[in-house]
Every structure is written in structure tokens, then in C-alpha cells.
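Report on one structure; see the data block that follows.
Since the model is a prediction, treat every value here as computed from it, not as a measurement.
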Amino acid sequence: MKDSINIIGIVGTGAMGRGIAQVAAEAGVRVKLNDSREGAVGEAKNFIGALWARGVEKRRFDQAHAETLGERLEEASELADMADCDLVIEAIAERVDAKQQLFRQLEDVIAPHAILATNTSSLSISEVASACERPERVIGFHFFNPVPLMKIVEVIPGMRTAAWVVEATEALGKRFGHFTARTTDTPGFLVNHAGRAFGTEALRLLGEGVADPETIDRLLTDQGGFRMGAFALFDLIGLDVSNAVMESVYHQYYQEPRYRPSALTRQRLVAGLLGRKSGEGFYRYARGQRQESEEPAVPSASPMPVWISGDDAEARRLLSQLVEAAGWPLERGAGPSEAALCLLTPYGEDATDSALRQQLDPARCVAIDMLAGLQTRRCLMSNPATRCDVHDAAHALLAADGTPVSAIRDSGGFVLQRVVACIVNVGADIAQQGIAEPAILDRAVELGLGYPRGPLAMGEHYGARRILTILENLQAATGDPRYRPSPWLRRRARLGLPLTSQGLTLSSPAASHLVTSQ
């Protein structure tokens, strides 16, 4: 192996190939571009050159530097022109047979020390490498679009990838200025795997009639701090792409319930409701802009006595302050009067079960999601027996200080609780399986998915014990193994340990065949 990688080849000059070429050249690496389509390399060089020209206009660098960058991009009209490359990245069609055929051709050309890297987002690295004479030099090197802005790359060794190949590839990713997330060769790798809960649980909420897409998205962005709601994201990516990924990961994991897709996406797919690209998806689009409805008007209601459940002491304190600030009468007894509006604060439990468990009149009960407190959008949940006047009074009370309120139908776990708990649970299971180290997992998800926190840090923020309670109550109520808590989460929550705690690592020869994650 050479001490450093100075020349790389890129086969495929689509958006991904162009992006990798740009960051490589900017990192001082010579790049040889190849594409089977005539004229594609020239188009790619012109595209990247135009970006650098704008960099000169914006005074990010001078013309001389732009010319130097351009000189680092070369055309490899034939694969044989890549003979002196230290590493070749393929960014071609997402088909195993195509990638295997290309790598077999490259093996006849490149030097013994050269690395073969695949930018696949979903295919097995080990399977791609199985067609090669030297599978030990094949590795996954998965970037995200747009490459210059998405500062993360997954480094995925196959079952037979040599250690020196991993080290050299990681070093190159860091040289590009990217966070290198080493992960194992499992379906979805790291980022796409960790992202399975966000959309699938939102779809489940929609399928149960808990709320419409816009309400769910507002709660996820305003309450949860997510950059984009699940349904806006589906529309942005395109349901044709999202549905294929959901089904692929689900089947690759042999129908693991945590990754179960929804029948809703297949129905919408065949109807052509793909999202922004088709002009309509979960939202409608006019001239490319998402059309959103106005917030429902706050109902008018006269103040009535309010009693707050004592399930959560901090939630009761915050709600008591809100009631007093609104000037509504607050009941402080162990139980409510017959005229009281009853505010419940369950975790993973629906308003029906919460009211019956506390032997309260369901007609006078509504539930408030207190997972994120009361500083942002508030979520109000009624049960089938809740009186209209009680519901309207609760809505008016919660909105009295001008904070927006979203009302949903009865659901164990509200919206935010369910989505967050599932994200944390999938992340905990990734850690349990040893797919990536906890710190790498969290940082990769923040960069790759734009979540406000990584899955394990999210669990710490909201409280691991509380997340465990949500999942246990959901599983008990539904019987769905989708919500079964990961051993990683269950053990650490019960022991009072941080979710990022690795625990004891088995290192003796006799235990080398065991999973090292506790």
C-alpha cells in the first residue's frame, strides 16, 4: 500500500460522481473521470468548473486557484486510463451485477495496491466484492447528495475487506473534510438504517387516522425540532424512491416489524402521487411551492375549573403555571370535582386508558403531550367519549398565551412520543448489534438526516426511562412487536446508565465469537 492516496478514479459522472470529484479536487487530489455515455465527462467538468467560477465571483478564491482546481480533473476515456489510480470509486447504476462487472474489469487494470470503492447506498459490499479476485481491497464509500454540503461519508468494510483498506479510505474521507462514519455491512448501513423509524411511524399514525399529514408534520417540526416533517420529506425525496427503500430494508431484515412499511405508500405510488416531482403527494404543489392550510381557529370557551393528573410531577407543575397564568380556576385536590376539566399527561398510553386507569370520567378528560414541555406547539388529544365543550375549553386554555395547539384523535403515545421513541429504539438496536459506535451513530444521523440530535442523544434528552415507558405501554396496548424495547435501551434505562455507555467489552480469546456490545 502507498503512504497516501494521490490519484483517484471515478466511474459515473451523475450528481454523486460530480460531487465526489469536486470535493476530491478541492482536497488536492487528482481525479480521473470516466463515463460510458459519450460527452458525459465533459459535461461534468463544465458543471464543476461553473461552480468554481462562481466561487471566484464570490471571492472565495482567486482565478489562479480555480484554474489549479480545474487542472486536477482529467478525462479517462477508457478504464485502462485509470491504471495509476490509488483508489477507484464507482457511482453507477444501483445493480449488483453492473458493479461486479465493472470491478472485474478494473481488476485487470489497476495496481495491486489500489482500492476499489463502491458508493452503493443499499447493496451488500460483501456481495459486490464476491466477484473479485481480491475481495480484500473492496470497500463501501457511501457519500450523500449534495456531496460538498453533506459532510458525511460512510466507510463500510465487507466481510473480507483488509484493515489497511479501511484505514486508507477513512483517511481519504477525512482529507475531503467529511465525517467518516465506519459502519458494518448490514442493510441500510448506518444512516439509512437509523432513519427507518421517522417516516414509517408517521405513516402508521396517518393510517390509524390519528391526524392528517400536515398536523403530524407541524408537531414533528415545532415540538420535536426536526428540520422537516415526515410527509414533507417524503414529497421532497419522491415516494417512488422512499417506498423502494422502505420495502428493501424491510425485506433485507426478513420482515423485522420495526421497519414495516405502510400500505398507504404503495397505494399512493400507483396513483402517481409521488410528491414535488409530480405536483402532488401528501401536499399539493403550485410552481414547485408546497401549499399549506391555515391553522384551525382557536375555539371560544368560558373558563372552567381545571384538575391536573399527578402522573408526572413536573408536567403537573408546568400545567398548573399555565392554568394560573390564564386566570382559570385550578383544583388541587386528589381528585376532580364533577365540573372540572381533567388534564392527563400520559406517556405511551392513550387518553382512554389513562382516564380509566385513574377512575376518571372519560367525558371530561383530555390528554396533553408533555414530552417536549410547553415552550413550543402543544398537542391536545381527546378520547372517543370526550365532550365537545370539554375539548374546546382545553384547546382555548392551551392557546391562551398565543402558543399554537394541534388537536389529534386518541393514540397511545401522541405523535411526538411515538416517533421519538421509535427513533431512539432503532438507534439503540443499532448500538446493540455493534453496527456503529454510539458516538459515530449520533453524529452520522445529525449530519446525514438533519435530526436535532442523534438517536441515543435524543433518548438522553427526553429521558431513557421515559422512552422505555412509552415503548412498553405501546407494546402492551397494541401487541405489536414493532414497539418491543431494544435490550440496549431496556438495560441502560433500568440501570440508570447513559444510552451512550458501551458497557463491558469481552476481549478474551474464548469470548471472541460473542457480540461485544452489552
Review point. Between Asn383 and Asp350, does a side-chain contact (heavy atoms from CB on, under 4.5 Å) hold up when you go through it step by step?
Key: CA-CA 8 Å; Asn383 68 74; Asp350 64 19; over 6 Å; no
ask   = Does the side-chain contact (heavy atoms from CB on, under 4.5 Å) test come out yes or no for Ile20 and Phe141, once each step is laid out?
value = CA-CA 11 Å; Ile20 299 171; Phe141 203 30; over 6 Å; no
Checking Glu331 against Ser337 for the side-chain hydrogen bond (donor to acceptor under 3.5 Å, both in side chains) test, could you report, in this order, the C-alpha distance in whole Å, the side-chain angles of both residues, the deciding distance, and whether it holds? CA-CA 8 Å; Glu331 296 187 358; Ser337 69; 2.4 Å; yes
Legend entry - Glu201 vs Tyr483, side-chain hydrogen bond (donor to acceptor under 3.5 Å, both in side chains): CA-CA, chis, key distance, verdict: CA-CA 10 Å; Glu201 191 61 21; Tyr483 301 111; 2.7 Å; yes
query: How far apart are the C-alpha atoms of Thr500 and Glu460, what are their side-chain angles, what is the distance that settles it, and do they pass the side-chain hydrogen bond (donor to acceptor under 3.5 Å, both in side chains) test?
result: CA-CA 9 Å; Thr500 52; Glu460 292 294 324; 5.3 Å; no
*Before giving the answer on side-chain contact (heavy atoms from CB on, under 4.5 Å), spell out for Val191 and Leu449 the whole-Å C-alpha distance, their side-chain angles and the decisive distance to 0.1 Å.*
CA-CA 7 Å; Val191 174; Leu449 298 177; 3.6 Å; yes
Practice task
Please step through side-chain hydrogen bond (donor to acceptor under 3.5 Å, both in side chains) for the pair Ser354 and Gln358, ending with a clear verdict.
Solution key: CA-CA 6 Å; Ser354 182; Gln358 298 177 74; 3.1 Å; yes
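A distance-only check finds a donor-acceptor pair linking the side chain of Asp442 to the backbone of Ala457 [under 3.5 Å]. Side-chain N or O atoms of Asn119 include none that pairs as donor or acceptor with a backbone N or O of Met16 at under 3.5 Å. Of the possible polar contacts, one joining the Arg482 side chain to the Arg258 backbone as a donor-acceptor pair under 3.5 Å is found.
For the 3.5 Å distance criterion, the side chains of Thr352 and Asp410 qualify, holding a donor opposite an acceptor. Using modelled atom types, one finds no donor on one side chain facing an acceptor on the other under 3.5 Å when comparing Thr376 with Gln223.
Under the side-chain contact (heavy atoms from CB on, under 4.5 Å) test applied with Pro362, the options Val390, Leu356, Thr386 reduce to a single match, Leu356.
Using a 30° and 60° split on the angle between ring planes, His142 and Phe144 fall in the tilted class, from 30° to 60°. Using bins of under 30°, 30° to 60° and over 60° for the plane-to-plane angle, the ring pair Tyr259/His193 lands in the perpendicular bin.
Here Glu349 contributes atom CD and Asn473 contributes atom CG; the two are 5.5 Å apart, rounded to the nearest 0.5 Å.
Salt-bridge annotation for Arg357 and Asp311: present, with a side-chain N of the basic residue lying under 4.0 Å from a carboxylate O of the acidic one. A salt bridge does not link Asp429 with Arg196: every distance from a Lys NZ or Arg NE/NH1/NH2 to an Asp or Glu carboxylate oxygen is 4.0 Å or more.
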